[in-house]
Amino acid sequence: MALIVQKYGGTSVGSIERIEAVAERVAKHHAAGDQLIVVVSAMSGETNRLLGLAGEISETPDLRELDMLVSTGEQVSMALLAMALHKRGIGAISLKGSQVAIKTDSFHSKARIKDIDATRLHAELAESKVVIVAGFQGVDERGETTTLGRGGSDTSAVALAAAVKAAECQIYTDVDGVYTTDPRVVDGAKRLDSITFEEMLEMASMGSKVLHLRSVEFAGKYGIPLRVLSSFKDGPGTLISVDNEENLMEAPTIAGIAFNRDEAKLTIVGVPDTPGIAYQILGPIGEANIEVDVILQNVGDEGKTDFTFTVSRNDLTRAEEILETHITQLGAMEWRSDSKIAKVSVVGVGMRSHAGVAATMFRALSEVGVNIQMISTSEIKISVIIEEKFLELAVRALHSVFGLDADEAGDPES
Ligand code: ASP
Ligand code: MG
C-alpha cells in the first residue's frame, strides 16, 4: 500500500465525461489499496473565462477579489470528482486550500506556499477516503484565499506530496510524458523513461512546458519522485528522478534538445572597454526587472568593444527604451536589436563526464549551414543563439547527431 498524490490538469477534468474517466482511474488505484490525495485544476478554459469576466469590469481588478474569483474554478472540479467517486461507492471528500490547510504568504495571484498542515489529510485517509484537494489555491495568515500563479496546481500537488511524504507525485496531463524534444518539430522524438530534476528544469525553462517550473524545483528540493503521465492513455509516463549517483551513472550524455523562440537580442556597439561597463549596461535592465539570458562581450579593439545580450521578447520594447535613454551616458556609438532569433540547447547531466559535446554540436550545426551567433554553457547544458528561421533545422540536426531519433524500425513505445 502506497500513499500517492495524483494531480489532474484542466483537460483531464475538462468535461463530465473526463471527470468520470478520472474517477475510474482513481477507483482502480483505490481498489489496489493505495491511499490517494487527488489534486485537481479547474476545467480547461475555466480560469481564462473567469479572468475574462473580471477583465470586462476592470483592467486592474483588486487582487484579493481576483483570487476569490479564480479560485472557484478548482472548487467546481473537486466537488464534481467527489460526486463521481461517491457514485462508484468510494468514500471521498473534497477540500479547499483553507480547509487542508495550505498556508501561503499574502501575495495575491502569486502566493508562495509556506507550510501545509497534514493533520486533516491524514485523518481523512485513515478513514479510507480519497482526499480531493483544490489545486492552485491556499490561505494566508488572516484566512484570506490566495492563488499560486498560473499553472500553480502542479506546485500544489508536489507540496502536498512533500507534506505527507508520499511515495510518488503523479501529474496526469494531456501528453504521455517528457520527450527528447518537441514532437511537433521532430517526428522521431521519443518519450523519456526518466530524466533527472536538473535536466527537467533546463528542459522546462526552455519551452518543453509540461510542468510548472516551481513544482519541479520543489520536488527536487524535497526529493519527491515526480511522474508525468497521460490521463487519456495508459503508460509508464516519465519519471523525474532524484539526482543520486546511480541515476547519474545511467544517464545518457544528452537527454534532450530544448528550444525557445521567445528571445530577442540587443547589441550596443562601440562601448568603452573599461571596468564597470557590463554593470552600467545591465544594471538599469535588472532594475527594470528584465531578465537577461545569454551575454556576450567581444574582444576589445582600440579601447572599444561591442556588448550583446538577450532578453525575453516580451521585454524587448522596454529594454530598447532603457538603452535609448542610457546610450550617451555609456559613451556608446549605437545600439541595435533583433527579435528574429531563437535559442537551441542540448541538455544532459551525462555531458559532465563526456568531452567533445560542444564540438559535436557545433559540427552538426555547421553541416546544415546554421550560423551560431552566441554561445553559453553550464555544467549540463550548451545553448546557442541562431537565426529563428533555422530553428527547426537545427533542432532536427542535433536530435539526430546525439542519437535521440527513434529507431527506424519503429520503437514500439514511441
Ligand atoms: N487553473 C489554474 C490555471 O489555469 C491553475 C492550474 O491549472 O494549474 O492556471
Ligand atoms: Mg498545467
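Quick note: numbers below take in every heavy atom, side chains included, and nothing from hydrogens, waters or symmetry partners. Order of appearance sets the numbers: ligands from 1, and atoms from 1 within every ligand.
- Heavy-atom neighbours of D174 CG from other residues, nucleotides or ligands within 6.0 Å: above the threshold of 12.
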- Item | Steps toward salt bridge (charged side-chain N to carboxylate O under 4.0 Å, His left out) verdict (D154, K7) | CA-CA 7 Å; D154 292 345; K7 180 256 169 177; 2.8 Å; yes
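- Annotation: G151 places an N or O atom under 3.5 Å from an N or O atom of ligand 1; distance criterion only.
- Of all the heavy atoms in L36 and L125, the pair that sits closest is O-CD2, 3.6 Å.
- Looking at E46 against ligand 1, nothing comes within 4.0 Å, counting heavy atoms.
- Inclusion of E74 in the set of residues having an N or O under 3.5 Å from an N or O of ligand 1 is warranted.
- Set against the non-hydrogen atoms of S41, the atoms of ligand 1 under 4.0 Å away are 6 (C), 7 (O), 8 (O).
- Taking a 4.0 Å cut-off on heavy atoms, G10 fails to register as neighbouring ligand 1.
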- Tell me, with the steps shown, if L66 and L51 meet side-chain contact (heavy atoms from CB on, under 4.5 Å). CA-CA 8 Å; L66 200 61; L51 287 169; 4.0 Å; yes
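- Under a 4.0 Å criterion applied to the non-hydrogen atoms of R150, ligand 1 contributes the atoms 3 (C), 4 (O), 9 (O).
- Ligand 1 has an N or O atom lying under 3.5 Å from an N or O atom of T47, backbone or side chain.
- Contact between G73 and ligand 1 is absent, with no heavy atom of the residue lying under 4.0 Å from the ligand.
- Residue E367 qualifies as enclosed at atom CD: its count of foreign heavy atoms under 6.0 Å is above 12.
- Residue-ligand proximity, S153 to ligand 1, at heavy-atom distances under 4.0 Å covers atoms 5 (C), 6 (C), 7 (O), 8 (O).
- Heavy atoms from other residues, nucleotides or ligands lying under 6.0 Å from CZ of R25 number more than 12.
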